[in-house]
Colleague: 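Sharing a structure, written as structure tokens. Questions coming.
This one's a predicted model, so the numbers in the text were calculated from it and none came from an experiment. Keep in mind that the numbers below use all heavy atoms, side chains included, and drop hydrogens, waters and symmetry copies.
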Amino acid sequence: MQAGGGGDAGDTRGRHRIQAELKKLEQEARFLEEELEELDKTDKVSAALQELMVTAESKADPLLPVTNGPACQSWDRWFEGPQDLRRCKCWFL
């Protein structure tokens, strides 16, 4: 008699496990559908951002000074490198 009672309990647990897995799969499917909807919206946002970038890049930054050359000629010599490599005593060049 107990074998029959134990079978019903095992059957209930198996059914519950299957229902839990089914619910988990349904949640994952909903999540993926939401992700796809978000991806569809990003194309529109991407086009709008591209247009904004083109507009922003075409205008000068008002906070940066406009210079046509180096601000200080004496600073350039530190960034140019040696004119004559044979006379340079630098170990890293």
Side-chain angles (χ1 to χ4, degrees):
M1 294 260 180
Q2 271 194 347
D8 288 339
D11 200 323
T12 304
R13 280 184 265 145
R15 191 176 317 135
H16 177 70
R17 185 179 302 132
I18 291 171
Q19 287 176 340
E21 277 191 51
L22 181 62
K23 188 171 186 174
K24 179 182 174 187
L25 289 174
E26 288 173 349
Q27 287 176 345
E28 288 179 7
R30 272 197 308 270
F31 174 75
L32 291 173
E33 287 173 356
E34 290 172 3
E35 286 289 315
L36 284 173
E37 289 173 6
E38 288 295 320
L39 285 174
D40 289 340
K41 293 177 186 176
T42 58
D43 290 338
K44 298 172 189 171
V45 171
S46 179
L49 285 176
Q50 185 68 28
E51 185 178 330
L52 177 66
M53 289 296 295
V54 168
T55 305
E57 288 174 351
S58 66
K59 297 179 181 177
D61 189 344
L63 298 176
L64 295 177
V66 177
T67 58
N68 294 330
C72 181
Q73 292 288 337
S74 64
W75 278 93
D76 276 357
R77 66 186 175 108
W78 296 105
F79 300 109
E80 285 180 355
Q83 300 297 327
D84 186 10
L85 289 176
R86 290 177 297 208
R87 292 192 302 155
C88 181
K89 304 289 188 222
C90 302
W91 59 270
F92 58 89
L93 295 176

Colleague: Tell me who clusters with Phe31, hydrophobic residues only, linked when side chains sit under 4.5 Å apart either directly or through other members.
Modeller: Leu32

Colleague: Using the test side-chain contact (heavy atoms from CB on, under 4.5 Å), find all partners of Glu57 that sit at least two apart in sequence or belong to another chain.
Modeller: Met53

Colleague: Rounded to the nearest 0.5 Å, how far does CG of Leu22 lie from NZ of Lys24?
Modeller: 12.5 Å

Colleague: Can you tell me how far CD of Glu35 sits from CD of Glu37, rounded to the nearest 0.5 angstrom?
Modeller: 10.0 Å

Colleague: For Gln50, does the CD atom have more than 12 heavy-atom neighbours from other residues, nucleotides or ligands under 6.0 Å away?
Modeller: no

Colleague: Find out whether Arg13 and His16 are in side-chain contact, i.e. whether some heavy atom of one side chain is under 4.5 Å from a heavy atom of the other.
Modeller: no

Colleague: Got a sec: does the CD of Glu51 have more than 12 other heavy atoms crowding it under 6.0 Å?
Modeller: no

Colleague: Could you give the distance from CD (Glu21) to NZ (Lys23), rounded to the nearest 0.5 Å?
Modeller: 14.0 Å

